[in-house]
Amino acid sequence: MTTDDSYDRLDDDDYPAYTMGRAADMLGTTQGFLRAIGEARLITPLRSAGGHRRYSRYQLRIAARARELVDQGTPIEAACRIVILEDQLEEAQRINAEYRRRVEEPAGPTAV
């Protein structure tokens, strides 16, 4: 991968651009919190060639939501489960909206 390819990928929500330390700083939390939500299987960071955890912007948004719930007093395991369910619901709603859009589209010209 060239340097130009790396810069192009920074706009990719799934590109693991952030180290654990940087991710923790951005979220205002500890590295231990990131490890804990990883152990709870909320997010699975990619590993660099040296074995260091790398996080994507999508994973940081998920972690931020978990932190919000934990800050409100929700146990970390429950917060992780809530975030997973919220993510699944959002995906199901997206799929349903796409299905409805397809069903409601006028049919193309019919061959006679």
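No experiment lies behind these values; they were computed from the predicted model shown.
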Please report the interatomic distance [atom1]([X]) to [atom2]([Y]), rounded to the nearest 0.5 Å.
| X | Y | atom1 | atom2 | value |
| --- | --- | --- | --- | --- |
| Asp14 | Gln59 | CG | CD | 8.0 Å |
| Ile84 | Arg65 | CD1 | CZ | 13.0 Å |
| Leu42 | Glu77 | CG | CD | 11.5 Å |

List the atom of [X], the atom of [Y], and the distance in Å for their closest heavy-atom pair.
| X | Y | value |
| --- | --- | --- |
| Ala40 | Cys80 | CB-SG, 3.7 Å |
| Leu34 | Ala24 | CD1-N, 3.7 Å |
| Leu60 | Ala23 | CD2-CB, 3.4 Å |
| Ala36 | Ile76 | CB-CD1, 3.6 Å |
| Arg54 | Pro45 | O-CB, 3.4 Å |

(message) Tell me every residue that passes salt bridge (charged side-chain N to carboxylate O under 4.0 Å, His left out) with Asp71, counting only those two or more places apart in sequence or in another chain.
(response) Arg67
Do [X] and [Y] have side chains that approach each other closer than 4.5 Å (heavy atoms only, starting at C-beta)?
| X | Y | result |
| --- | --- | --- |
| Tyr58 | Asp87 | yes |
| Ile37 | Ile62 | no |
| Gln72 | Leu69 | yes |

(message) Within the supplied structure, the quantity of interest is the number of heavy atoms (other residues, nucleotides, ligands) at a distance under 6.0 Å from Glu90 CD; does it exceed 12?
(response) no
(message) Taking atom CZ as the centre, does Phe33 end up with more than 12 heavy-atom neighbours from other residues, nucleotides or ligands that are less than 6.0 angstrom away?
(response)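 Count over threshold, so yes.
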(request) State which residues pass side chain to side chain contact (heavy atoms under 4.5 Å, CB included) with Arg47; sequence neighbours excluded, sorted by chain then number. (result)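 Once residues adjacent in sequence are excluded, the partners of Arg47 under the side chain to side chain contact (heavy atoms under 4.5 Å, CB included) criterion are Arg53.
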(request) For a side-chain hydrogen bond (donor to acceptor under 3.5 Å, both in side chains) with Glu98, tell me which candidate from Arg102, Arg100, Arg94 qualifies. (result)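 Testing each of Arg102, Arg100, Arg94 against Glu98, the sole residue satisfying side-chain hydrogen bond (donor to acceptor under 3.5 Å, both in side chains) is Arg102.
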(message) Between Thr74 (side chain only) and Ala78 (backbone N and O only), is there a donor and an acceptor less than 3.5 Å apart?
(response)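 Such a contact is absent between Thr74 side chain and Ala78 backbone.
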(request) Give the cluster check for Tyr55 versus Met26: same hydrophobic cluster or not, with ILVMFWY residues linked at side-chain heavy-atom distances below 4.5 Å. (result)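 Yes, it is one cluster - the side chains of Tyr55 and Met26 are joined through contacts under 4.5 Å.
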(request) Kindly determine whether Arg101 and Glu105 satisfy salt bridge (Lys or Arg N to Asp or Glu O under 4.0 Å), including the steps that lead there. (result) CA-CA 6 Å; Arg101 185 188 62 75; Glu105 277 182 357; 2.3 Å; yes
(request) Mind checking side chain to side chain donor-acceptor pair (under 3.5 Å) for Arg41 and listing every partner two or more places apart, or none if nothing turns up? (result) none
(request) Scan side-chain atoms only and decide if Tyr18 and Asp25 contain a donor-acceptor pair under the 3.5 Å cut-off. (result)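 Side chains of Tyr18 and Asp25: no pair found under 3.5 Å.
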